[in-house]
Structure formats: C-alpha cells, structure tokens
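Take a look at the structure below.
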Amino acid sequence: FPSHDRRTSLTNIAQSPSTNFGQCSAWYLVSPSNTSADIVATWGSGWKDDEGKAVVASWLYGVDQTDPIPSGDVVSGFSTASSHTISPTNLSSGDLAVGMVSLDNTASSCSITTGTLIANNFAYAWTDYGSAYNTGTGTVNIAISHANATTGWVGFRVKASTSALS
C-alpha cells in the first residue's frame, strides 16, 4: 500500500472489484506535513508481475479535515466497456468529484470527455490510466473514454472545508 515519508499509512478510499488486470484504487492522507516526501507503493500478491503499475499523487488544500472523503459518496466498478461515466454523489458548493480508471490495454487510449485532466498516460506494456476532476453540486459526472479493455474505476467526493468556502 502507498505510505507517507514517515511510513504513515494512507487511508483507502475505494478499490475496483478486480484483483487481476485493470485494478484501480484510491488513497488519501489527512494533514500531511508541509515538506517534500516520497510516496512508496508496494503491490501485494494479487497484482500481475508482468503488468505495468502507476501511481498518481495530487495535493489538495481547503479540504474538510474531519471527513474529507465521505464513504457514502464513493463509487467503483469493473467492466470491459469502452467508456465510463463516474458519478460521485452529494456534492456541495466547493466540493470536488474525482474519477479514475486503470485499464489493461496495449496502447495509450484514455481521453477525458467530461471533467478536467489530472493525469493520463500509457504507463507500461498493457497499462493505461486516466484521472480527472469536476465541480458542481449533487451528482457530478466525469466521463473517460478508451479502447475496449478490462477496466477498473473509482470515483469519490472530496468534501470542502467550510472555512475554505468563506
């Protein structure tokens, strides 16, 4: 699992239901130190050794420190469809919807069709990934299209701090 520079464990937000190709998971750390640090990721036995692996890190400020990722506002899944609309729910003004996919594909094919790009890359043989965010209220969509492939996806709401809104 990913960890912070002082070996502080990150909290798992969600993981796609696959333990094979196209697995996707999201993690967070509340109030990390304001210094540079390394993120160390260790993959368990469920991951294929011959597959590419990728880690994308983002830093957000103005996030609610008590309940930054409300568990009821997390979605995940796994399929072979050529596009995914990821729709975190219950967003209020100032919140972010974040969505990501990881797919088992031979060439780069991810494109963000609704939302703003965070990362999009062909990591290594058979591994392609994309992530994006969007804003709004209620249920907010993030759409990612790609070649037909075994795909895991995760989406979640990042809750804004009330002080960040004033």
Side-chain angles (χ1 to χ4, degrees), residues 1-19 22-47 51-78 84-103 110 112 114-124 127-144 151-166:
F1 61 87
S3 63
H4 185 254
D5 60 337
R6 291 180 188 82
R7 302 292 181 207
T8 302
S9 295
L10 301 178
T11 300
N12 183 253
I13 298 169
Q15 183 168 309
S16 60
S18 170
T19 57
Q23 188 174 25
C24 185
S25 64
W27 302 77
Y28 73 94
L29 178 65
V30 174
S31 298
S33 63
N34 193 14
T35 59
S36 62
D38 294 328
I39 295 173
V40 178
T42 304
W43 280 265
S45 60
W47 293 82
E51 295 295 315
K53 299 168 180 76
V55 173
V56 176
S58 297
W59 177 78
L60 302 172
Y61 63 92
V63 175
D64 184 302
Q65 298 298 295
T66 309
D67 190 19
I69 314 289
S71 61
D73 304 332
V74 174
V75 293
S76 65
F78 181 80
H84 290 84
T85 299
I86 303 166
S87 304
T89 57
N90 300 318
L91 271 75
S92 298
S93 178
D95 291 353
L96 280 180
V98 177
M100 58 190 67
V101 297
S102 173
L103 57 137
C110 279
I112 309 304
T114 303
T116 301
L117 176 70
I118 296 173
N120 185 12
N121 204 355
F122 178 60
Y124 186 72
T127 300
D128 198 6
Y129 63 89
S131 57
Y133 70 90
N134 206 353
T135 59
T137 58
T139 299
V140 175
N141 294 330
I142 298 164
I144 303 175
T151 305
W153 54 270
V154 171
F156 52 93
R157 168 189 173 206
V158 178
K159 186 176 172 185
S161 166
T162 54
S163 63
L165 300 175
S166 52

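Side chains included, hydrogens not; waters and symmetry mates left out as well; all remaining heavy atoms used. Everything quoted here is computed from the prediction, not taken from an experiment.
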(message) The test is side-chain contact (heavy atoms from CB on, under 4.5 Å); show your working for F156 and M100 and say whether it passes.
(response) CA-CA 9 Å; F156 52 93; M100 58 190 67; 3.8 Å; yes
(request) Go through S25 and N12 one step at a time and tell me if the side-chain contact (heavy atoms from CB on, under 4.5 Å) criterion holds. (result) CA-CA 8 Å; S25 64; N12 183 253; 4.1 Å; yes
(message) Restricting to non-hydrogen atoms, name the atom on G94 and the atom on A160 that form the minimum distance, rounded to 0.1 Å.
(response) O-CB, 3.4 Å
(request) Please report the closest heavy-atom contact between Q65 and V30, naming both atoms and the distance. (result) OE1-CG1, 2.9 Å
(request) Rounded to the nearest 0.5 Å, what's the gap from OG1 on T114 to CG on N141? Could you check? (result) 7.0 Å
(request) To the nearest 0.5 angstrom, please state how far the CG atom of D67 sits from the CZ atom of R157. (result) 7.5 Å
(request) Hey, could you give me the CD1/OG distance between I86 and S76, rounded to the nearest 0.5 Å? (result) 10.0 Å
(request) Identify the heavy atoms of A143 and T85 that sit nearest to each other, and give their distance. (result) CB-OG1, 4.1 Å
(request) Check whether any side-chain heavy atom of T139 lies under 4.5 Å from a side-chain heavy atom of L91, and answer yes or no. (result) no
(message) Could you measure the distance from the OG atom of S9 to the CH2 atom of W27? Nearest 0.5 Å is fine.
(response) 8.0 Å
(request) Identify the heavy atoms of P88 and A97 that sit nearest to each other, and give their distance. (result) CG-CB, 3.9 Å
(message) Evaluate D95 against N90 for side-chain contact (heavy atoms from CB on, under 4.5 Å), listing each step before the verdict.
(response) CA-CA 9 Å; D95 291 353; N90 300 318; over 6 Å; no
(message) With rounding to the nearest 0.5 angstrom, report the OG to CZ distance, S102 to F78.
(response) 9.5 Å
(message) As an exercise, state the distance from CH2 of W153 to SG of C24, rounded to the nearest 0.5 Å.
(response) 10.0 Å
(request) Taking all non-hydrogen atoms of both residues into account, name the closest pair between I144 and G99 and its distance. (result) CD1-O, 4.3 Å
(request) Would you please test I69 and V158 for side-chain contact (heavy atoms from CB on, under 4.5 Å) and show each step? (result) CA-CA 5 Å; I69 314 289; V158 178; 3.8 Å; yes
(message) If I compare all heavy atoms of T137 with all of S93, which pair ends up nearest, and what's the gap?
(response) CG2-N, 3.7 Å
